[in-house]
Structures are given as structure tokens and as C-alpha cells.
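In what follows, a structure is listed as C-alpha cells, so that the remarks can point back to it.
Not measured: the values here are computed from a predicted model. Residue numbers count from 1 along this sequence. In each ligand, atom 1 is the first atom listed, and ligand 1 is the first ligand listed.
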Amino acid sequence: MITIPFNKPYLTGNEVKYIENAVSRGKISGNGYYTKICQDLFRKKFGFKKCLLSTSCTDALEMAAILADIKDGDEVIMPSYTFVSTANAFILRGARIVFVDSRSDHPGMDESQIEALINHRTKAIVPVHYAGVACDMDLIMKLADKYNLFVIEDAAQAIDSYYTGSDGIKRPLGSIGHLAAFSFHETKNIISGEGGMLAINDERFIDRAEIIWEKGTNRSAFFRGEVDKYGWVDLGSSFLPSEIIAAFLWAQLEKLEEIQSKRLEIWEFYLKELQDWSISKGVNLATVPNFATNNAHMFYMVCKDVKQRKCLIELLKKNGILGVFHYLSLHKSEFYREKHDGREIPLADHYSNCLIRLPLFYELSEKELKKITETLKSF
Ligand SMILES: *Cc1c(COP(=O)(O)O)cnc(C)c1O
């Protein structure tokens, strides 16, 4: 029986109170009071030019693909070691996905391999900040400038994490690419059950993003009094969440600092306790490159081989602890392997086979943490 789950959604205590308040305001559809205060906070705290809450990160990525005007035959470069939504959003618009391998020191994509994959059909690069750890954005933005490409950050795991470029300035992830997508799924640091956000940093996209968000109508401009009637002006879908979701999210955002510092404490406990053990077993612990920060989204380890990972997962399970693996390389997936260009992508496969994630959630107690690290050390 599992007594220590992999994840447990943390409630700050104000979620239901704010939902009740949202209901009593008499407007529970989207783009109301709580949506606005959440979006304002993100904008002010992280410097995104414009924020639009969405029903998921998947939806925010779909909005980004529409905004980048991805069409049949366009190519989009992204890591193979990522979640399916990173790719689906662009495939829905007819794109071909060109997968990049991971770094040898980190599951994030190897930026040095991107340029060789760019051709006249390439339209966008989608860096995924795996475990909330930045990709080397200087390199990626330089390529985007040189070849006139869009950069859409998949920042699903990257809230409150930062990148320091060669100019020495520390920038929040999601504020660097033209567009960025965040997730508030219950497995992320800040949650609303299902939920997400599109961050828009390139002003050219702001007006159209609002229209796409409001089902292809200029309803937002109408309510601001900028046009005297509203109608169907563009593509769009139902991307905005209800006020009930936004009210829940507000209760989480109020406690952002507290949540982050607690998660970091847990992450550092793992690192300290497992360092010597991991070296003796040939296991690599999570690393953070110098240009990145750690938002403690995830504590992962990369095992020597698939057999060692299987044994570790079984050992944890026997002790009631759920440790889990993560992505399966997208270039080998049932859906995409026939469409992939056939290149070997060995490090993505290595992480697919050897990476394991340990439980990490706000309410994980010191006793439970000790049990997890002691169990691993008995291996
Ligand atoms: C969680 C996640 C998503 C999807 O987020 P949803 O909000 O569930 O749609 C996309 N990309 C990455 C890298 C993720 O971790």
C-alpha cells in the first residue's frame, strides 16, 4: 500500500472562501474580478507584457500556435523529452515537429543542436524549461533573431524561476520568448486543478491574443468601450477559465513565496541526504546550470540504467513510497514515430529509461522525507 504519494495538491485554506466570494459577485463566467487580479499580479511580479489565464497550459500552447500563424508544412523545433501537449498544439495547426535531443547534464534540450535543424520551413522554437530549470535562452533568442523565428517557451513547470543571460540580468522564465505558456495543473507548484496562462511579451500579439481567447470575437474590446458592437473577427476557441478557477488560483498566488520556500527546503534536503549515496551507486542527481535557478518543481535522479531504475522504484514501492518515471521520447511514440525523420535521439531515450522522480509536495513531513532517503540508502 502506498503511504507516501508522489504528489498531494496543497490547499492554502482560502480557496473555498474566494470561490464563495466569486459566486456572490454574481459573475462566474470568465474574465471577471479574480481573473483580472491574477493576471495583474503575474504581470507586475514577473514583467510579462500581457497575461491571459487559460483553461490549461495545453490551451495556452494552442493559442500560441495560432498567434505564431503556424500552417501546414511549417516546422517547429522542440525537445523529444517533453509532454505531448508541447507537440500537439502545433500539430493541430499542421506543423511538422523536428525533435532535438536533451543535454547530457540535464533533460532539457541541447541548445547547441538547434541551428543544424533550422531550414526555410522552420517557423518556431519551443524550449521546455524542464523541472523549472531554464534553457540557455541567450542562444535560443540569438537563433530566433538570425533566422526570424518565433520562440514560445513551454514554461509549464517554470513559475517563479529565472535565467541569467550574458548581460548579467536575471529574467523570469516566460518573459524572454515572444510567447510563453504556464500550467496550474494540480501537479505543478501553483495550482487550480486544471488551469494555465499565456504570457505575451511581444506587443504585436496582444490584441489578437485577446480575440482568440474570446472565441474569435472582439468582446474584450467591446467591454472596454473601444468598439460599439462586438462580432466574429478571427479564429478562436473557448480558452478562458471561469471565475471559479481564477478565485482558486488567487488563493494559491497569495501564498506563492511560502509554497516556493517550502518546496525548496524539501529539494535541498533530498540533495544533502542523497549526495554521497548517489555517487556510490552511479546515480546522477538533478543539476542546475549556472545560468538557471531552481524553483523546486521536481526532484529527479538519473539512474545508471533501466534495470537500476526498476529496482529503485520497486524498493520504494515495497516501503509504501511512490517514485515515478517521466516522459517517453515523443519521437518514438506510437503517434509520431512514423512521422519522425528517423534521426537517433539517444539522450532523450536515456532519460526516458533512467529518470525517476521522488515525492515532492508542500505537506511532505520531515519524517516522511527521512523514510524516503533512508529507504533509498538501503539499496
Ligand atoms: C504539465 C505540462 C504541460 C501541460 O499542462 P496542462 O496545464 O496540464 O495542459 C505541458 N508541458 C509541460 C512541459 C508540462 O509539464
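- Between Phe83 and Tyr130, a ring centre-to-centre spacing not shorter than 6.0 Å is recorded.
- Atom NE2 of His106 is separated from atom OH of Tyr81 by 10.5 Å, given to the nearest 0.5 angstrom.
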Give a table of atom pairs where an N or O of ligand 1 lies under 3.5 Å from a protein N or O.
residue	atom	partner	partner atom	Å
ligand 1	5 (O)	Ser183	OG	3.3
ligand 1	7 (O)	Cys57	N	2.9
ligand 1	7 (O)	Ser183	OG	2.7
ligand 1	9 (O)	Cys57	N	3.3
ligand 1	9 (O)	Thr58	N	2.8
ligand 1	9 (O)	Thr58	OG1	2.5
ligand 1	11 (N)	Asp154	OD1	3.3
ligand 1	11 (N)	Asp154	OD2	2.8
ligand 1	15 (O)	Gln157	NE2	2.8
ligand 1	15 (O)	Lys188	NZ	3.3
ligand 1	15 (O)	Tyr327	OH	3.4

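- Taking the centre and axis of the six-membered ring of Tyr33, the NZ or CZ atom of Arg25 falls inside the cone set by 45° and 6.0 Å.
- Each salt bridge (Lys or Arg N to Asp or Glu O under 4.0 Å) pair with one or both residues in residues 146-156, not counting sequence neighbours, appears once here: Glu115-Lys146.
- Checked against Tyr362 for a side-chain hydrogen bond (donor to acceptor under 3.5 Å, both in side chains), the options Lys255, Lys262, Arg263, Glu258 give a single hit: Glu258.
- No close placement of the Phe48 and Phe42 rings is indicated, their centers lying 6.0 Å or farther apart.
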